[in-house]
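Everything on this sheet refers to the single structure shown next.
Everything quoted here is computed from the prediction, not taken from an experiment. If you read the sequence from its start, that first residue is 1, and numbering goes on from there.
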Amino acid sequence: MRVEIWSDIACPWCYIGKARFEKGLAEFAHRDDIEVVHRSFELDPNRAKGAVGPVIPMLAQKYGRTLDEARGMEEHVASNAHAEGLGYRTEGRDHGNTFDIHRLLHLAKARGRQEALLDLAYRANFAEERSVFDDGVLLELAVEAGLDADEARAVLADESAYADEVRADEAEAAALGANSVPFFVLDRKYGISGGQPAEVFTQALEQAWQERTPVLATLGTAGADGEVCGPDGCEVPRA
């Protein structure tokens, strides 16, 4: 059975949701029969490549909050990340266009290293002092993930490389009605929106396994733990 996950490196709930999904998958009896495919989704596709800035002021402006309130929003997300055993920096992170990251992830997928690069990119963006919006850092991450440095450098230098694959993923998300991430599709039958608790993923996997019909339904889209990120921002309630 295939599970497709639409996400963006800039989305904290995608980072947290991936960890929760993996915990839920670990409790699923048929976990060895699950194929996981990661697909592209840009939260800010119109942002210029060079328009990189700090996260805290961006959050304050987007939500109409003070800088202190924005820091509180980040603390809320950090507490969720830490609960899943994930590192999360509330200060010093930046925000930018993620198109190049997605293109590189498609190269990694073609070389069987997508999962490795995705984990490294999430960790660099949320837990380390490394900007994933810098080509030099992206090249370092690609090599750490096991990709050939020259091939990765060539992809970053050619804006058309894997661009169609990224756009195809995004068009497919739109066709499925996904306008926020993370968004999980189980065997093209069930959709799960948001970073749900691990047990929700386990239950959904069990149900999709038992009811293998070609109808896309929606599971687990509500609840305080199902936060998502969309074009208008991430769901980060006032702390």
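- No side-chain donor-acceptor contact under 3.5 Å links Thr98 to the backbone of Ile101.
- By the 4.0 Å N-to-carboxylate-O rule, Glu84 lies close enough to Arg20 to be salt-bridged with it.
- Contact check for His106 versus Asp169: side-chain heavy atoms found under the 4.5 Å cut-off.
- Thr66 and Asp68 share no side-chain donor-acceptor pair at under 3.5 Å.
- By the 4.5 Å heavy-atom criterion applied to side chains, Arg93 and Glu74 are counted as neighbours.
- Closest non-hydrogen pair, Val132 versus Ala124, comes out as CG1-CB, 3.9 Å.
- The closest donor-acceptor contact from the side chain of Arg65 to the backbone of Gly72 lies at 3.5 Å or more, if one exists at all.
- The aromatic rings of Phe28 and Trp209 sit perpendicular to each other, their planes meeting at more than 60°, with 30° as the lower class boundary.
- Residues Cys14 and Pro182 come closest through the heavy atom pair SG-N, 3.5 Å.
- Scanning all heavy atoms of the two residues, the minimum distance from Ala108 to Leu117 falls at CB-CD2, 3.8 Å.
- A 4.5 Å side-chain heavy-atom check between Val181 and Leu43 finds at least one atom pair inside the cut-off.
- Using a distance-only test at 3.5 Å, with no hydrogens or angles considered, no donor-acceptor pair links the side chain of Asp187 to the main chain of Lys189.
- Criterion: ILVMFWY side-chain heavy atoms under 4.5 Å apart, direct or through other members. Under it, Phe21 and Met1 are part of a common hydrophobic cluster.
- Residues Leu104 and Val137 share a hydrophobic cluster, clusters being chains of Ile/Leu/Val/Met/Phe/Trp/Tyr side chains in contact below 4.5 Å.
- Without hydrogens or angle criteria, His102 side chain to Phe41 main chain gives a donor-acceptor distance under 3.5 Å.
- At distances below 3.5 Å, not a single donor-acceptor pair connects side-chain atoms of Arg113 with backbone N or O atoms of Gly146.
- Checking His38 against Ser7 by side-chain atom types alone, no donor-acceptor pair falls below 3.5 Å.
- Atom CD of Glu159 has 12 or fewer neighbouring heavy atoms from other residues, nucleotides or ligands inside a 6.0 Å radius.
- Residues Tyr63 and Glu69 have side chains that never bring a donor and an acceptor to within less than 3.5 angstrom of each other.
- Side-chain atoms of Glu170 come within 3.5 Å of backbone atoms of Glu42 as a donor-acceptor pair (strictly under, hydrogens ignored).
- Arg103 places a side-chain N or O within 3.5 Å of a backbone atom of Ala161 that can act as its donor or acceptor partner.
- Scanning all heavy atoms of the two residues, the minimum distance from Phe183 to Ser180 falls at CB-O, 3.8 Å.
- Ion pairing of Lys18 with Glu22 is present here, as a side-chain N (NZ or NE/NH1/NH2) and a carboxylate O approach within less than 4.0 Å.
- When the side chain to side chain donor-acceptor pair (under 3.5 Å) test is applied to Asp134, no partner is found at least two apart in sequence or on another chain.
- With sequence neighbours excluded, no residue satisfies ring pair (Phe, Tyr, Trp, His ring centres under 6.0 Å) with His82.
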Can you list, pair by pair, the side-chain donor-acceptor contacts under 3.5 Å of residues 48-57, counting residues two or more places apart and other chains?
{"unit_1": "Lys49", "atom_1": "NZ", "unit_2": "Asp100", "atom_2": "OD2", "d": "2.9"}
{"unit_1": "Lys49", "atom_1": "NZ", "unit_2": "Asp135", "atom_2": "OD2", "d": "3.3"}

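- Residue Val166 is found in a hydrophobic cluster whose other members, listed by chain and number, are Phe99; membership requires side-chain heavy atoms under 4.5 Å apart, directly or through intermediates.
- Side-chain contact between Leu138 and Phe133 is absent, with no heavy-atom pair separated by less than 4.5 Å.
- Scanning all heavy atoms of the two residues, the minimum distance from Asp94 to Ser131 falls at OD2-OG, 2.8 Å.
- Between Ile5 and Val37 there is no side-chain heavy-atom pair separated by less than 4.5 Å.
- At a threshold of 4.5 Å between non-hydrogen side-chain atoms, the residues Leu59 and Lys62 do not count as touching.
- Residues Ile9 and Tyr15 are not in side-chain contact: their nearest non-hydrogen atoms beyond the backbone lie 4.5 Å or more apart.
- Within a 6.0 Å sphere centred on CD of Glu151, heavy atoms belonging to other residues, nucleotides or ligands number more than 12.
- Taking the ring pair (Phe, Tyr, Trp, His ring centres under 6.0 Å) definition, one finds that Tyr88 meets it with Phe126, sequence neighbours left out.
- Between the side chain of Asp44 and the main chain of Asn97, no donor-acceptor pair closer than 3.5 Å is present.
- With Lys109 contributing its side chain and Leu107 its backbone, the two residues share no donor-acceptor pair below 3.5 Å.
- Between the side chain of Arg123 and the backbone N or O of Glu128, no donor-acceptor pair lies under 3.5 Å.
- Shown here for Ala121 and Leu141, the closest heavy-atom pair between the two residues is CA-CD1, 4.1 Å.
- Contact check for Glu27 versus Glu199: no side-chain heavy atoms found under the 4.5 Å cut-off.
- Applying the side-chain contact (heavy atoms from CB on, under 4.5 Å) rule to Glu129 yields the partners Arg89; only residues at least two apart in sequence or on another chain are considered.
- The residues Arg153 and Glu140 are annotated as not salt-bridged, no charged nitrogen and carboxylate oxygen being separated by less than 4.0 angstrom.
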